[in-house]
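Shown next, in structure tokens, is the structure this report addresses.
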Amino acid sequence: MTLVGIEILLLVIVVMAGFAAVVLSLRRLEGRQRRWVQSLSDLVATAAADNSARSLLASPRYADPRRLTRQGAKIYSQSDEDGIIDEIFRRIGTSSRRFLEIGVGDGLENNTLALLVQGWTGSWIDGSPQNAAKICARFAPMLKDGRLRFLERRVTLATLDEVLRETGGADGLDLFSLDIDGNDYHIAAHMQLTARVIVLEYNARFAPPVDWIMAYDENHVWRGSDHFGASLVSYATLLRDKGYSLVGCNLSGTNAFFVRGDLVGELFLGPFTAETHYEPARYWLIPAFGAGHRPDFRPG
């Protein structure tokens, strides 16, 4: 190759390198722009949800101080369940400070982590290997010292009794929470429930007076549709027959809260029916109950 040819080749390499550097810079800028747009979108959605939640809670429906909905707040729950759970126990007190939660995700957004942080003890059950790996790593100190038990198991009618034996059973609990996105009604119906408080995810698609229960399917996997669980009417009837009163639902229409009948007294808003306490599906409100930065639990 002649000297001129070498010079031309070097020039081409320099130009190509410069072009590649420009492309890379543009891609990085595009990535940053996407993140900025997403952050702005999240901020707008949170602000809109917060404004909507405030407007809803200011309506006459929520004026009675016995209604729990206005007490909603998030620590580690998915939505505002932590605040409602705290208010229920403020009213009725605690006994064992023990919980059992079936369906806990990866441990960072559920109904009992806030209680665990406050010194409660209890058991978690989840059937996902991915969630199990995260829980075992993240909560290793609590698992080691016995404050928390964890069992990786898919809960069905066939496995329920064994699962309860392995996690210490459901007797003597202050709180029982169930959220497995499918056969929840059938699991709750099969259990001997004595906990002071029960939290159940209900299917808000079916407003009162609709009585709807998903047919039992041992192989059910939730795929993001409205085919899961049962209506609030169905749960209210089931739990009433087990000695519990429906005392409220959270604003996003996700969870229903039941208190054992001997503890209710005049502390909660009656009548204790689905018609009184039903909240429609407002899942878009969940960002309104954000707790700041994303959760990254590490024992204090």
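FYI, side chains are in, hydrogens and waters are out, and symmetry mates aren't considered; it's all heavy atoms of this structure.
Salt-bridge annotation for Arg97 and Asp174: absent, with no side-chain N of the basic residue lying under 4.0 Å from a carboxylate O of the acidic one. Remark: Glu87 engages Arg90 in a salt bridge, criterion side-chain N to carboxylate O under 4.0 Å. In this structure, Arg149 does not pair ionically with Glu166, as no charged nitrogen and carboxylate oxygen lie closer than 4.0 Å.
Side-chain N or O atoms of Asp161 include none that pairs as donor or acceptor with a backbone N or O of Leu164 at under 3.5 Å. A donor-acceptor pair under 3.5 Å is formed between the side chain of Thr237 and the backbone N or O of Val233. His186 places no side-chain N or O within donor-acceptor distance of the main-chain N or O of Ile213, the cut-off being under 3.5 Å. Without hydrogens or angle criteria, Asn203 side chain to Ala230 main chain gives no donor-acceptor distance under 3.5 Å. A distance-only check finds a donor-acceptor pair linking the side chain of Arg91 to the backbone of Arg66 [under 3.5 Å]. Of the possible donor and acceptor atoms, none in the side chain of Ser77 sits under 3.5 Å from a partner among the backbone N and O of Lys74. With Thr167 contributing its side chain and Ser123 its backbone, the two residues share no donor-acceptor pair below 3.5 Å. At distances below 3.5 Å, at least one donor-acceptor pair connects side-chain atoms of Arg138 with backbone N or O atoms of Asp106. Using modelled atom types, one side-chain atom of Asp82 and one backbone atom of Ile75 make a donor-acceptor pair closer than 3.5 Å. Looking only at distances, a side-chain donor or acceptor of Tyr244 sits under 3.5 Å from a matching main-chain atom of Ala195.
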Might you work through the side-chain contact (heavy atoms from CB on, under 4.5 Å) test for Thr194 and Leu173, ending with a clear yes or no? CA-CA 7 Å; Thr194 61; Leu173 298 173; 6.0 Å; no
Please determine whether side-chain contact (heavy atoms from CB on, under 4.5 Å) holds for the pair Leu178 and Ile187, giving the CA-CA distance in whole Å, both sets of side-chain angles, and the decisive distance to 0.1 Å. CA-CA 9 Å; Leu178 175 64; Ile187 297 301; 4.2 Å; yes
Determine, stepwise, if the pair Glu279 / Arg61 fulfils salt bridge (Lys or Arg N to Asp or Glu O under 4.0 Å). CA-CA 11 Å; Glu279 298 290 345; Arg61 169 179 170 81; 3.1 Å; yes
side-chain contact (heavy atoms from CB on, under 4.5 Å) between Ser52 and Leu285, worked out: CA-CA 8 Å; Ser52 296; Leu285 281 181; 3.8 Å; yes
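Residue pairs satisfying the side-chain hydrogen bond (donor to acceptor under 3.5 Å, both in side chains) criterion with at least one member in residues 250-265, sequence neighbours excluded, are listed as follows: Ser79-Ser252, Asp80-Asn250, Glu81-Asn250, Glu81-Asn255, Asn250-Ser252, Ser252-Thr254, Arg260-Asp262.
Atom CG of Asp171 and atom CZ of Arg98 lie 8.5 Å apart (nearest 0.5 Å). Separation of atoms CZ (Phe268) and CZ (Phe258) is listed at 13.0 Å; rounding is to 0.5 Å. Tyr235 contributes atom OH, which lies 7.5 Å from atom CD of Glu201 (distance to the nearest 0.5 angstrom). Between the CD1 atom of Ile102 and the CD1 atom of Ile125 there is a distance of 4.5 Å, given to the nearest 0.5 Å.
With ring centers used as reference points, Phe89 lies under 6.0 Å from Trp120.
For the residue pair Ser231 / Ser234, a side-chain donor-acceptor distance below 3.5 Å is found, with atom types taken as modelled. Between the side chains of Asn131 and Asp126, a donor-acceptor pair is found at a separation under 3.5 Å.
Enclosure of atom CD in Glu266 is not indicated, since only 12 or fewer non-hydrogen atoms of other residues, nucleotides or ligands lie within 6.0 angstrom. For Lys242, the NZ atom sits in a packed shell: over 12 heavy atoms of surrounding residues, nucleotides or ligands are nearer than 6.0 Å. For Arg205, the CZ atom sits in a loose shell: 12 or fewer heavy atoms of surrounding residues, nucleotides or ligands are nearer than 6.0 Å.
Counting heavy atoms from C-beta on, the side chains of Leu148 and Thr121 never come closer than 4.5 Å. For the pair Leu246 and Leu239, the minimum side-chain heavy-atom distance is 4.5 Å or more.
Summarising the geometry of Ile180 relative to Asp184, their closest heavy-atom pair is N-OD2, 2.8 Å, with the distance given to 0.1 Å. Smallest separation of non-hydrogen atoms from Gln192 and Ala170: O-CB, 4.4 Å.
In the hydrophobic clustering of this structure, Leu151 does not group with Leu143; members are Ile, Leu, Val, Met, Phe, Trp, Tyr whose side-chain heavy atoms approach within less than 4.5 Å, directly or through other members. A single hydrophobic cluster is seen to contain both Val104 and Tyr76, as judged by linkage of ILVMFWY side chains at heavy-atom distances under 4.5 Å, directly or through other members.
A perpendicular orientation is assigned to the rings of Trp124 and Phe139, their planes being inclined by more than 60° (bins at 30° and 60°).
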